[in-house]
Amino acid sequence: MEARWRSSAKPVQAPKTTKTVSFEEVSGKASSSEALPLSLHLTNAVFFSLFFSVVYFLLSRWREKIRTSTPLHLVNLSEIVAIFAFIASFVYLLGFFGIDFVHSLILRPSTDLWNSEDEEENEALLRKEDARKIPCGQALDCSVTSAPIISAQKVVDEKPVKLTTEEDEEIIKAIVAGTTPSYSLESKLGDCKRAASIRREALGRITGKSLSGLPLDGFDYESILGQCCEMPIGYVQIPVGIAGPLLLNGKEYSVPMATTEGCLVASTNRGCKAIHLSGGASSVLLKDGMTRAPVVRFGTAKRAVDLKFYLEDPENFETLAVVFNRSSRFARLQGIKCVIAGKNLYLRFTCSTGDAMGMNMVSKGVQNVLDFLQTDFPDMDVIGISGNLCSDKKPAAVNWIEGRGKSVVCEAIIKGDVVRKVLKTSVESLVELNMLKNLTGSAMAGALGGFNAHASNIVSAVYIATGQDPAQNIESSHCITMMEAVNEGNDLHISVTMPSIEVGTVGGGTQLASQSACLNLLGVKGASQESPGANSRRLATIVAGAVLAGELSLMSALAAGQLVKSHMKYNRSSKDVSKTSS
């Protein structure tokens with residue numbers, strides 16, 4: 001209910017003290033427990049003690065009878081007395097407390113009664129204000145304004161209180177009580193923003209924690225329904241910085257990087273500058289194929305081998321490709337590699353997926369092939385459509401060796417003058433550090449695809465900014481960084497080889513407004529109209545180029561002993577976080 005308030009010289013304000021308005025205060029009634037005389041308090045204490053004492057006594061006696069195999073219906077005098085005492089105390093407690101609870105449910109005033117009482121109170125206040133209303137001065141605003149009415153169970157605080165409608169309040173109470181599942185709000189309400197708001201309020205009441213720092217407004221919740229995030233309550237803000245221009249294959253790119261790590265964007269930007277001053281970098285796509293590897297099981301190892309030979313026979317590949325390619329107009333089967341483990345067979349399918357990252361696409365194609373194989377191999381038991389030979393979101397040698405997604409190599413020759421003036425180090429120092437750190441040090445650590453300084457830093461930042469799957473940073477950051485003195489030791493040749501960059505420009509988070517804007521900045525938004533897959537392949541080369549810039553700058557900082565100094569300057573906040581509100 002919305003009331004209209006007239007502003008005057010002394011406007012009516014809600015109290016600034018925190019107070020929970022209870023049902024009893026709204027109805028003007030006190031609960032029975034608040035009006036108990038002292039004798040009733042003592043009586044209640046006696047019956048409470050009697051109730052729990054006889055319960056303990058009877059349970060002890062019955063446990064003893066069970067232990068001695070004595071029938072439970074055989075009772076002595078003390079047990080009979082205890083049973084009667086239990087019944088009497090139970091009836092007393094039920095009558096005293098139970099009836100009061102039932103009354104509070106059955107005789108609760110209706111919402112109409114609350115509204116009518118509020119209306120009467122507001123009308124009285126308005127009449128009182130009109131009686132003492134003074135003429136408007138030039139600086140006073142005498143326009144009619146609305147003021148919210150604080151209803152029952154609403155906490156009044158100094159901070160602005162966001163009031164919910166009566167219908168929303170009932171839904172929130174149902175979620176808190178557990179009678180309405182939170183995940184069903186979008187389908188039931190048909191309003192994703194409203195569903196997120198209600199879920200957020202219910203979560204705050206359940207946990208008792210404030211979500212004031214998590215923004216809710218300013219986001220299109222319809223855009224994530226059914227594809228990006230379930231049960232949203234807001235969104236996290238991550239700053240996006242720009243590194244560049246990165247001169248790659250003769251074209252300049254401003255690389256968006258979403259990160260909360262100070263110095264990362266500045267360092268990558270310095271690497272881009274060094275590359276640009278040296279004539280730019282070049283990158284080459286070596287391979288493009290997403291993988292999925294189901295695991296199937298047979299009764300014997302021989303039957304598993306029979307399927308392996310069938311799948312690896314070139315004469316059968318065309319038939320399998322036709323079955324696989326039915327899943328999508330972009331999916332094209334490239335090959336199947338089989339690995340035996342006893343009577344279990346792992347089938348690693350590789351296919352091109354256009355401009356999509358392709359995990360769903362390849363999974364549908366694999367399912368088509370498995371259904372087709374059931375005809376000739378009815379004893380094949382499909383254990384799982386993913387058997388971890390893919391290998392997705394995990395560091396794995398198969399990705400490092402065979403590749404997954406886009407395999408890219410990127411290189412540049414950095415002039416000696418640029419190394420000294422921009423990077424503040426020398427070619428000899430960089431080559432030595434790379435050998436001892438990225439190669440020997442990583443080998444000593446038993447690294448798997450981690451022969452680099454910080455490739456994952458750049459990959460993660462670009463992935464988050466452009467709507468990629470951040471978890472695939474694991475295999476996408478597989479990288480080996482090589483450095484060598486060239487041109488009689490005057491210049492530096494640097495390269496990064498990344499065999500499993502998994503990116504897409506359509507689907508998933510790429511369609512969100514912010515991420516789509518970052519893809520548009522790079523000129524790779526959406527699907528390529530000229531050549532399917534061209535945009536995603538270009539994005540992979542940009543990722544490799546950004547990694548090259550990041551590797552060059554960080555290694556230079558390490559060689560020059562500038563790492564700690566730069567992080568103390570750019571990665572330390574002067575804000576006193578102890579004084580910020582929680």
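The first residue of the sequence shown is numbered 1, and numbering continues consecutively from there. All values reported here derive from a predicted model rather than from experimental measurement.
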>> Checking Y253 against L522 for the side chain to side chain contact (heavy atoms under 4.5 Å, CB included) test, could you report, in this order, the C-alpha distance in whole Å, the side-chain angles of both residues, the deciding distance, and whether it holds?
In response: CA-CA 6 Å; Y253 298 94; L522 293 171; 4.3 Å; yes
> Should R200 and L211 count as side-chain neighbours, where that means a heavy-atom distance under 4.5 Å?
Replying inline: yes
> Could you go step by step and tell me if K394 and E475 meet the salt bridge (charged side-chain N to carboxylate O under 4.0 Å, His left out) rule?
Replying inline: CA-CA 6 Å; K394 291 167 285 292; E475 60 267 36; over 6 Å; no
> Is it true that E186 and R199 have a side-chain N and a carboxylate O under 4.0 angstrom from each other?
Replying inline: yes
>> Atom CD of residue position E230 - does it have more than 12 heavy atoms of other residues, nucleotides or ligands inside 6.0 Å?
In response: no
> Tell me, do V547 and C479 make a side-chain contact under 4.5 Å, heavy atoms counted?
Replying inline: yes
> Quick one: does L333's side chain get under 4.5 Å of F349's, heavy atoms only?
Replying inline: yes
>> Taking the basic N atoms (NZ, or NE/NH1/NH2) and the acidic carboxylate oxygens, is any pair closer than 4.0 Å for R292 and D392?
In response: no
> So with a 6.0 Å cut-off around CD of E252, is the heavy-atom count from everything else above 12?
Replying inline: yes
> Quick one: does V323's side chain get under 4.5 Å of F372's, heavy atoms only?
Replying inline: yes
> Do N473 and S476 meet the criterion of a side-chain donor-acceptor pair at a distance under 3.5 Å?
Replying inline: no
> Going by atom types alone, do S267 and S553 pair a side-chain donor with an acceptor below 3.5 Å?
Replying inline: yes
> What closest approach, in Å, do F324 and A331 show between heavy atoms, and which atom pair accounts for it?
Replying inline: CE2-CB, 4.1 Å
>> Could you tell me if the side chain of R348 sits less than 4.5 Å from the side chain of E402, heavy atoms only?
In response: yes
> At what distance, to the nearest 0.5 angstrom, does OH of Y463 lie from CG of D469?
Replying inline: 9.0 Å
> Relative to each other, are the rings of F377 and Y310 parallel, tilted or perpendicular (30° and 60° limits)?
Replying inline: perpendicular
> In terms of heavy-atom contacts, does NZ of K308 have more than 12 from other residues, nucleotides or ligands at under 6.0 Å?
Replying inline: yes
>> Is the shortest side-chain heavy-atom distance between I238 and I464 below 4.5 Å?
In response: yes
>> Applying the side chain to side chain contact (heavy atoms under 4.5 Å, CB included) criterion to M257, which one of V240, I458, N269, T466 satisfies it?
In response: I458
>> Please determine whether a side-chain nitrogen of the Lys or Arg among R297 and D381 lies less than 4.0 Å from a carboxylate oxygen of the Asp or Glu.
In response: yes
>> Rounded to the nearest 0.5 Å, what separates atom CE in M290 from atom CE in M359?
In response: 6.5 Å
> So do P232 and I224 actually touch side chain to side chain, heavy atoms under 4.5 Å?
Replying inline: yes
> Is D355 paired with R537 through a side-chain N to carboxylate O contact shorter than 4.0 Å?
Replying inline: no
> Among L539, L519, N535, which one satisfies side chain to side chain contact (heavy atoms under 4.5 Å, CB included) with T510?
Replying inline: L519
> Going through the checks in order, is the side chain to side chain donor-acceptor pair (under 3.5 Å) test met by S429 and S426?
Replying inline: CA-CA 5 Å; S429 298; S426 65; 2.8 Å; yes
> Measuring from I340:CD1 to N344:CG, what's the distance to the nearest 0.5 Å?
Replying inline: 8.5 Å
>> Please determine whether a side-chain nitrogen of the Lys or Arg among K406 and E502 lies less than 4.0 Å from a carboxylate oxygen of the Asp or Glu.
In response: no
> What do the steps show when you test S283 against N249 for side chain to side chain donor-acceptor pair (under 3.5 Å), and what is the final call?
Replying inline: CA-CA 7 Å; S283 63; N249 293 335; 3.1 Å; yes
> Of the non-hydrogen atoms in A274 and L552, which two are nearest, and what is the gap between them?
Replying inline: CB-CD2, 3.9 Å
> Nearest heavy-atom pair of K415 and S278: which atoms, and what distance?
Replying inline: N-OG, 3.1 Å
>> Between D168 and T165, is the side chain to side chain donor-acceptor pair (under 3.5 Å) condition met? List the steps.
In response: CA-CA 5 Å; D168 289 351; T165 64; 3.3 Å; yes
> Are side-chain heavy atoms of I494 and N434 found at a separation under 4.5 Å?
Replying inline: no
>> Using side chain to side chain contact (heavy atoms under 4.5 Å, CB included), reason through V459 and V462 one step at a time and then give a plain yes or no.
In response: CA-CA 5 Å; V459 172; V462 177; over 6 Å; no
> How close do L347 and P294 get, heavy atom to heavy atom, and via which atoms?
Replying inline: O-CD, 2.9 Å
> Quick one: CE on M231 to OH on Y183, what's the gap to the nearest 0.5 Å?
Replying inline: 9.5 Å
>> Check D220 with K193, please: is the shortest side-chain N to carboxylate O separation under 4.0 Å?
In response: no
> How far apart are the closest heavy atoms of V431 and A485, and which atoms are they?
Replying inline: CG2-N, 3.8 Å
> Taking everything shown except D491 itself, do over 12 heavy atoms lie less than 6.0 Å from its CG?
Replying inline: yes
>> To check you understand the geometry: which heavy-atom pair defines the closest contact between V422 and R270, and what is its length?
In response: O-NH1, 3.5 Å
> Is the number of heavy atoms from other residues, nucleotides or ligands under 6.0 Å of K393 NZ greater than 12?
Replying inline: yes
